[in-house]
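Letters A, B, ... are given to chains in the order of the sequence lines, protein chains preceding strands, and every chain is numbered from 1.
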Amino acid sequence: MADTQKRPLSPHLQIYRLPLPALLSITHRMTGMALSVGLFVLAAWLYAAAFSPKCFAKFHELFNTGLGRFALFGWMLAFFYHFCAGIRHLVWDTGTGLSKSAYRISNWIVIFSALLLTAGAWLYARGGLQ
Amino acid sequence: MSGDNSHAAKHWLVTRFTSLALIPLCLWLFYSLAGVAGGDQPLVQLWLKAPAHAGVLGLFLLVGFHHSASGVQEVIEDYISSENVKKLALAANRLLHLAAFGAALAAVLSLALKG
C-alpha cells in the first residue's frame, strides 16, 4: 500500500510543468485573444474620437491612470510576443526550422526579441505620450 | 466537420495572408498611435485628415478584424464541444467583429472627411 502511493502520477494538467514549446504555443493563443479585446478597444476609441467627445475624454483619463498604463503595456507585450511568435509560425509554414535543435534556439529568439521590442517600443511611446 | 475541407484550407491560407499583411500594418499603427494616442481629439482628427493615414488605418482595420475573427473562430472550434453552443458562439463572433469593424470604419471616414 505504502509503495503504491509513491508511484509517479501520470502528467496531469494542474501539476504538469509544461515544456517550453507548449508554454509558448498556448501563450500565442492567449496573447491573440488579448489582442482581439484590444482591437475592440481601439475601435471604441476611434468611435469616441469621431462621435463622442465626452467618451473620448473618458478614454484619455483612463489611459493615464496606473491601471490604464498597465493595460496598455500588457497589450504592447502581448502584441510583440504574438508578432514574433507569429513570424516564427510563418517561417515554420515554409517548412524550415522544424528540427528539434532549431526549435530550441528559436524559442529563445522569440522570447528575447519580444521583450526587447516591447522595452524599446515602451520607451519610444513614453516620449510620445508626454 | 463534414468531408468538405476546402473551406478549412481557405481559412488556413487567409490566416497566413492576413498575418503577412499585418506585419507592416501593425508596425505602422504602433508608430502612429505612439504619436497620437496621448493627444486630444483634434490631434486624432488632424492625423486622419491625411488621406494616406485614413486609408492605411482603414486597411489595417479590415485585415486586423479579419485576422482577429479568424483567430477567435479557431479557439471556439477547438474548445467548445457542444455543437449548438459552438454554432451560436461562431455566429456571435462574426457579428461582433463585423459590427466593431463597421463602427471603427465609420469613425475613420467621419474623422477623415470632417471639416
Side-chain angles (χ1 to χ4, degrees), chain A residues 26 28-57 59-64 68-69 72 75-76 79-80 82-94 117-118 120-130, chain B residues 12-13 15-20 22-23 26-27 29-45 47-48 54 57-58 60-61 64-76 78-79 93 96-97 99-114:
Chain A
I26 192 63
H28 190 58
R29 282 209 153 174
M30 292 194 295
T31 51
M33 291 305 102
L35 290 168
S36 284
V37 175
L39 191 60
F40 278 80
V41 173
L42 176 71
W45 178 78
L46 282 169
Y47 193 84
F51 303 118
S52 168
K54 230 184 186 174
C55 202
F56 188 82
F59 263 114
H60 195 80
E61 197 181 301
L62 234 85
F63 284 146
N64 275 308
R69 293 261 161 140
L72 288 177
W75 272 316
M76 196 185 285
F79 166 69
F80 280 115
H82 199 85
F83 184 81
C84 294
I87 289 175
R88 180 166 72 152
H89 265 293
L90 289 172
V91 173
W92 281 340
D93 288 340
T94 68
L117 284 167
T118 307
W122 187 246
L123 289 176
Y124 174 75
R126 273 177 65 95
L129 282 173
Q130 271 147 22
Chain B
W12 189 91
L13 265 178
T15 307
R16 267 69 200 168
F17 281 127
T18 54
S19 308
L20 270 176
L22 279 171
I23 295 175
C26 280
L27 291 177
L29 180 74
F30 176 79
Y31 168 78
S32 303
L33 282 183
V36 164
D40 48 4
Q41 198 270 350
L43 185 66
V44 180
Q45 198 164 338
W47 170 48
L48 291 176
L57 184 58
F60 164 81
L61 289 171
F65 269 105
H66 197 292
H67 186 83
S68 171
S70 162
V72 175
Q73 180 187 330
E74 211 168 298
V75 169
I76 291 171
D78 281 358
Y79 299 123
N93 175 47
L96 282 174
H97 273 91
F101 168 66
L105 198 65
V108 171
L109 282 175
S110 162
L111 285 165
L113 301 175
K114 231 185 260 176

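At a 4.5 Å heavy-atom cutoff, A:His28 makes no contact with chain B through either its backbone or its side chain. For a residue to count as touching a neighbouring chain, one of its non-hydrogen atoms must lie under 4.5 Å from one of that chain's; by this rule A:Leu42 touches chain B with the side chain only. If you measure heavy-atom distances from B:Asp78 to chain A, the contacts under 4.5 Å come from the side chain alone. In this structure, the portion of A:Phe79 lying under 4.5 Å from any heavy atom of chain B is its side chain and not its backbone. For a residue to count as touching a neighbouring chain, one of its non-hydrogen atoms must lie under 4.5 Å from one of that chain's; by this rule B:Leu57 touches chain A with the side chain only. When heavy atoms are compared at a cutoff of 4.5 Å, B:Val108 approaches chain A solely by way of its side chain, counted from C-beta outward. With a threshold of 4.5 angstrom between heavy atoms, B:Phe65 approaches chain A through its backbone and through its side chain. For chain A, the nearby parts of B:Ile23 are the backbone and the side chain; heavy atoms of each come within less than 4.5 Å. There is no contact between B:Leu105 and chain A, counting heavy-atom distances below 4.5 Å. Proximity to chain B involves both the backbone and the side chain of A:Ala121, based on heavy atoms less than 4.5 angstrom apart.
Smallest separation of non-hydrogen atoms from A:Phe51 and B:Ala106: CZ-O, 3.9 Å. Considering all non-hydrogen atoms of both residues, B:Gln41 and A:Phe56 come closest at N-CE2, 3.4 Å. The shortest non-hydrogen separation linking A:Ala43 to B:Ala100 is CB-O, 3.9 Å. In plain terms, the two heavy atoms of B:Ala103 and A:Tyr47 that are nearest each other are O-CD1, 3.6 Å. The shortest non-hydrogen separation linking B:Leu111 to A:Ala49 is CD2-O, 3.7 Å.
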task: Could you go through the side chain to side chain contact (heavy atoms under 4.5 Å, CB included) check for B:Asp40 and A:His60 one step at a time?
output: CA-CA 8 Å; B:Asp40 48 4; A:His60 195 80; 5.6 Å; no

message: Could you walk me through whether B:Leu33 and A:Trp45 satisfy the side chain to side chain contact (heavy atoms under 4.5 Å, CB included) test, starting with their C-alpha distance in whole Å, then the side-chain angles of each, then the deciding distance to 0.1 Å, before giving a yes or no?
response: CA-CA 12 Å; B:Leu33 282 183; A:Trp45 178 78; 3.9 Å; yes

message: Assess the residue pair B:Phe101 and A:Leu39 against the criterion (side chain to side chain contact (heavy atoms under 4.5 Å, CB included)); give the C-alpha distance rounded to whole Å, side-chain angles, the decisive distance to 0.1 Å, and a yes or no.
response: CA-CA 9 Å; B:Phe101 168 66; A:Leu39 191 60; over 6 Å; no

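Using the six-membered ring where Trp is involved, A:Phe40 and B:His97 have ring planes that are perpendicular, over 60° apart on the 30 and 60° scheme.
Rounded to the nearest 0.5 angstrom, B:Leu109 CG and A:Leu46 CG are separated by 11.0 Å. The structure places CZ of A:Phe80 at 5.0 Å from CZ of B:Phe30, a figure rounded to the nearest 0.5 Å. The distance from the CG atom of B:Leu22 to the NE2 atom of A:His82 is 9.0 Å, given to the nearest 0.5 Å.
Contacts with chain A were tallied for B:Gly71, B:Ala69, B:Ser68; B:Ser68 has the most, counting heavy-atom pairs under 4.5 Å.
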